[in-house]
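We count residues from 1, following the sequence as given.
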Amino acid sequence: MQIYKFNSILKPVLWGGDKLVAFKQLPPCSEPIGESWELSAMPGRESIVADGDDRGLTLTQLVQRYGADLVGEDVYRRYGDQFPLLIKFIDAKRDLSIQVHPDDEMARRRHGCSGKNEMWYILEADSGAIIHTGFNRTISLEEFDRRLADGTILDVINATESQPGDTFFIPAGQIHTIGAGNLLVEIQQSSDITYRVWDYNRRDANGNLRQLHMQEAREALDFNARNDQVLDKPCVGEGMTQLVACPYFEVRHLEFEHGYTIEQMSSHSFMAVVCVMGEVSLMAEGMPTAVLCQGETALVPAIADRVEMKGSAHLLLATVPTENQNH
């Protein structure tokens, strides 16, 4: 086994831009890139190992080959061969649609898959860039429908001017959208179920209005007020802060100027490492060194007891908490 790097999957979309190309130092692209999928087991869009003995394998094939040694004993017991997280970069040159995601119960009943809780970590934000998350007061279904009809739905959704380093947690059922000018990392459950509520009457490349999902959205939405937009970041160690802890994922931010050593949080989970600034060499006993540059992601197997990091970098570290861990 090794510390795995994967080929990025670039997704052109009508609201994308050119920041991802610059951030990841990619060759120029003629289309607006909205997303770069870094770690994905979604059918039809699976991450493929970039190098080493397992080069060419999909993430799912990797899990099937190594099981608990790769993803961790608790993760494998809960999810089997299904990798539980999806990690991507998002560049919103234009506003994304206003949307909501279903919880596990609704997603399994309607789609046969998991729901979608997610978090955002802001990398870059243009002056005045906005994140919309959660209703700013409790509203009724009748008011919701009326505001959609008259185009005032944003008036009842929290608007937060985003700054680099801000962290947002978006639980299933919470209305939200990424405003123009935000470049961010998204870490979420392995699900691609999105219900569009409003899309500014935009049309796709063929001139058609983009599909809305109003029946599903009404069922999924939490109409109660939320006032916890930007999350606090408590320090949990030298250079390390806690960003998000929920039953599906735990994400920490780590920064260092020379090096850092992590005694693997435990064999219960893998560790995904996202380099958001700088460059770092990752070393674990018996495994080749993996070098991560800004915009790259690596998967550290659960059996790596100790991970040495050399370089100067800012990293996001994502793991799956144990099933009985209290958050």
Using salt bridge (charged side-chain N to carboxylate O under 4.0 Å, His left out), reason through E35 and R45 one step at a time and then give a plain yes or no.
CA-CA 12 Å; E35 299 183 358; R45 206 169 277 162; 5.4 Å; no

Would you name the heavy atoms of E161 and D166 that are closest together and state the gap between them?
O-OD2, 4.1 Å

Taking every non-hydrogen atom, the tightest pair across V320 and P84:
CG2-CG, 3.9 Å

For [X], look at atom [atom1] and say whether over 12 heavy atoms of other residues, nucleotides or ligands are found less than 6.0 Å away.
{"X": "D232", "atom1": "CG", "value": "no"}
{"X": "R55", "atom1": "CZ", "value": "no"}
{"X": "E73", "atom1": "CD", "value": "no"}
{"X": "K310", "atom1": "NZ", "value": "no"}
{"X": "K93", "atom1": "NZ", "value": "no"}
{"X": "D53", "atom1": "CG", "value": "no"}
{"X": "E257", "atom1": "CD", "value": "no"}

Passes side-chain hydrogen bond (donor to acceptor under 3.5 Å, both in side chains), K24 versus S8? Steps please.
CA-CA 10 Å; K24 291 172 65 66; S8 298; 3.2 Å; yes

Run Q82 and S190 through side-chain hydrogen bond (donor to acceptor under 3.5 Å, both in side chains) and show every step you take.
CA-CA 9 Å; Q82 296 183 325; S190 183; over 6 Å; no

Under a single-linkage definition using a 4.5 Å side-chain heavy-atom cutoff for Ile, Leu, Val, Met, Phe, Trp and Tyr, are [X] and [Y] assigned to the same hydrophobic cluster?
{"X": "L96", "Y": "L86", "value": "no"}
{"X": "L243", "Y": "I90", "value": "no"}
{"X": "V276", "Y": "L231", "value": "yes"}
{"X": "V49", "Y": "L10", "value": "yes"}
{"X": "F135", "Y": "L148", "value": "yes"}

With a 3.5 Å distance limit and no angle check, can you tell me whether [X] reaches the backbone of [Y] through a side-chain donor-acceptor pair?
{"X": "T177", "Y": "S97", "answer": "yes"}
{"X": "N158", "Y": "G134", "answer": "yes"}
{"X": "D103", "Y": "M106", "answer": "yes"}

Residue pair [X] / [Y], side-chain donor-acceptor N/O under 3.5 Å:
{"X": "Y248", "Y": "D104", "result": "yes"}
{"X": "E46", "Y": "T60", "result": "yes"}
{"X": "E38", "Y": "S36", "result": "yes"}
{"X": "D81", "Y": "Y76", "result": "yes"}
{"X": "D222", "Y": "Q174", "result": "no"}

Please identify which of these residues, T194, L212, I170, meets the side chain to side chain contact (heavy atoms under 4.5 Å, CB included) condition with Q99.
T194

Kindly assign one of parallel, tilted or perpendicular to the pair [X] and [Y], based on the angle between their ring planes and the thresholds 30° and 60°.
{"X": "Y195", "Y": "H213", "result": "tilted"}
{"X": "H101", "Y": "H176", "result": "tilted"}
{"X": "W198", "Y": "Y200", "result": "perpendicular"}

Audit row: F83, F270, ring-ring contact (aromatic ring centres under 6.0 Å, His included) steps and yes/no
CA-CA 10 Å; F83 191 79; F270 61 87; 4.7 Å; yes

